[in-house]
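In what follows, chains are A, B, ... by sequence order, proteins preceding strands, each numbered from 1.
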2 protein chains.
Amino acid sequence: MSTPTIRYYWEDLQVGSQRDLGSITPTREEILAFAGQFDPQPFHLDDEAAKASVFGALCASGWHTCAMAMRLMVTNFLHEAASLGSPGLESVKWLKPVYPGDTLNLRHSVLESRPMSKRPDVGLVRTQWAMFNQHGEQVLHMEGYGMFRRRHPGAPVPDAPASSPTDA
Amino acid sequence: MSTPTIRYYWEDLQVGSQRDLGSITPTREEILAFAGQFDPQPFHLDDEAAKASVFGALCASGWHTCAMAMRLMVTNFLHEAASLGSPGLESVKWLKPVYPGDTLNLRHSVLESRPMSKRPDVGLVRTQWAMFNQHGEQVLHMEGYGMFRRRHPGAPVPDAPASSPTDA
């Protein structure tokens with residue numbers, strides 16, 4: 001496979017910066033396929049059951065919504081970033097159902113950033129993911145962590161805390 | 001589709017109860033298929049890139065791990081529960097990589113439980129999901145919320161708080 005050019009290192013993810021990471025539109029067939037494999041609850045697979053549920057109509061698994069957000073994240077950002085994966089998330093909120101044909105836009109913001117005390121070549125950022133449908137309604141909110149290689153390993157950083165519970 | 005018999009209502013999810021929700025073994029093909037669709041980072045798709053990464057070998061997307069946990073949750077529990085979906089999670093931790101052929105076991109625990117003040121027919125539980133591989137290593141930790149229909153809507157509940165920020 002082709003090796004993409006790395007444009008974004010830890011230093012490039014400034015606190016307060018925001019990125020629009022494009023949009024994705026799940027089809028009915030994709031929603032049914034994901035649910036059939038991973039979340040076969042009636043309101044994700046069956047029109048009648050969904051109509052009778054709190055969602056009112058067939059809707060995507062919340063995990064499918066997360067996975068679609070990840071797809072936008074990788075295609076439109078991580079693909080060109082020195083990403084080293086994520087230790088986890090501290091918040092996932094499924095705010096509104098996602099229906100077939102909805103167009104979902106992802107906005108990604110950097111909330112905090114600091115070097116990892118035990119790994120001088122790695123920096124940690126805390127980020128927020130916000131996904132909206134075509135009506136401007138937010139359907140997904142997430143906050144979590146990402147690890148990125150540093151452009152300048154071990155360089156001094158102003159006001160960097162010595163360590164924290166999330167340090168690896 | 002067949003309508004399953006509901007065995008579990010909110011009242012049946014006692015604080016402190018644990019359930020073993022079975023196991024799942026992702027194949028290499030399944031890991032590649034999920035990553036190709038939702039998380040096309042090199043260490044999820046390419047052996048050489050994965051070998052050079054922090055993961056040491058090709059491994060599953062963390063979102064795939066979550067989705068597999070959900071599959072076990074639905075097949076071995078929610079399928080027979082009066083589940084009304086989930087407003088979200090307050091913690092996701094990807095603790096160890098998941099490799100092709102790993103056998104993953106899911107254990108689900110009820111941490112807290114209370115009625116929803118604004119919806120007398122619904123109760124909320126806070127639950128913990130713990131997934132382990134065949135070596136006994138924990139690969140995934142999640143804590144989140146689930147909403148379930150009450151067997152006895154509006155019945156008085158001892159020590160129930162009047163409301164809370166997560167009330168819907």
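A/Trp63 and B/Leu89 make their closest contact through CH2-CD1, 3.4 Å (heavy atoms, listed as atom of the first residue, atom of the second, distance).
With a threshold of 4.5 angstrom between heavy atoms, B/Val92 approaches chain A through its backbone and through its side chain. Looking at B/Ser61, neither its backbone nor its side chain comes within 4.5 Å of chain A, counting heavy atoms on both sides. Contacts between B/Met142 and chain A at a heavy-atom distance below 4.5 Å involve the side chain alone, from C-beta outward.
Between chain A and the residues B/Glu90, B/Met68, B/His64, B/Lys93, the largest count of heavy-atom pairs under 4.5 Å involves B/Glu90.
Contact check for A/Trp94 versus B/Ser86: side-chain heavy atoms found under the 4.5 Å cut-off. Using a 4.5 Å heavy-atom threshold, the side chains of A/His44 and B/Val74 count as separate.
The cluster map of Ile, Leu, Val, Met, Phe, Trp and Tyr, joined by side-chain heavy atoms under 4.5 Å apart, puts B/Phe77 and B/Leu106 in the same cluster. Residues B/Tyr9 and B/Val110 do not share a hydrophobic cluster, clusters being chains of Ile/Leu/Val/Met/Phe/Trp/Tyr side chains in contact below 4.5 Å. One hydrophobic cluster holds both A/Tyr145 and A/Val122 under the rule that ILVMFWY side chains link at heavy-atom gaps under 4.5 Å. Linking ILVMFWY residues whenever their side-chain heavy atoms come closer than 4.5 Å, directly or via other members, leaves A/Leu95 and A/Leu140 in distinct clusters. When the side chains of ILVMFWY residues are joined at heavy-atom separations under 4.5 Å, either directly or via intervening members, A/Tyr8 and A/Phe148 end up in a single hydrophobic cluster.
Shown are B/His79, B/Met73, B/Met70; of these, the side chain to side chain contact (heavy atoms under 4.5 Å, CB included) with A/Gln41 is made only by B/Met70.
In this structure, SG on B/Cys66 lies 12.0 Å from CG on A/Asp39, to the nearest 0.5 angstrom.
Counting non-hydrogen atoms of neighbouring residues, nucleotides and ligands closer than 6.0 angstrom, the CZ atom of A/Arg151 exceeds 12 such neighbours.
Relative ring orientation between A/Phe34 and B/Phe38 is described as perpendicular, the plane-to-plane angle rising above 60° on a 0-90° scale split at 30° and 60°.
B/Arg71 contributes a side-chain N or O that, together with a main-chain N or O of A/Gly36, makes up a donor-acceptor pair within less than 3.5 Å.
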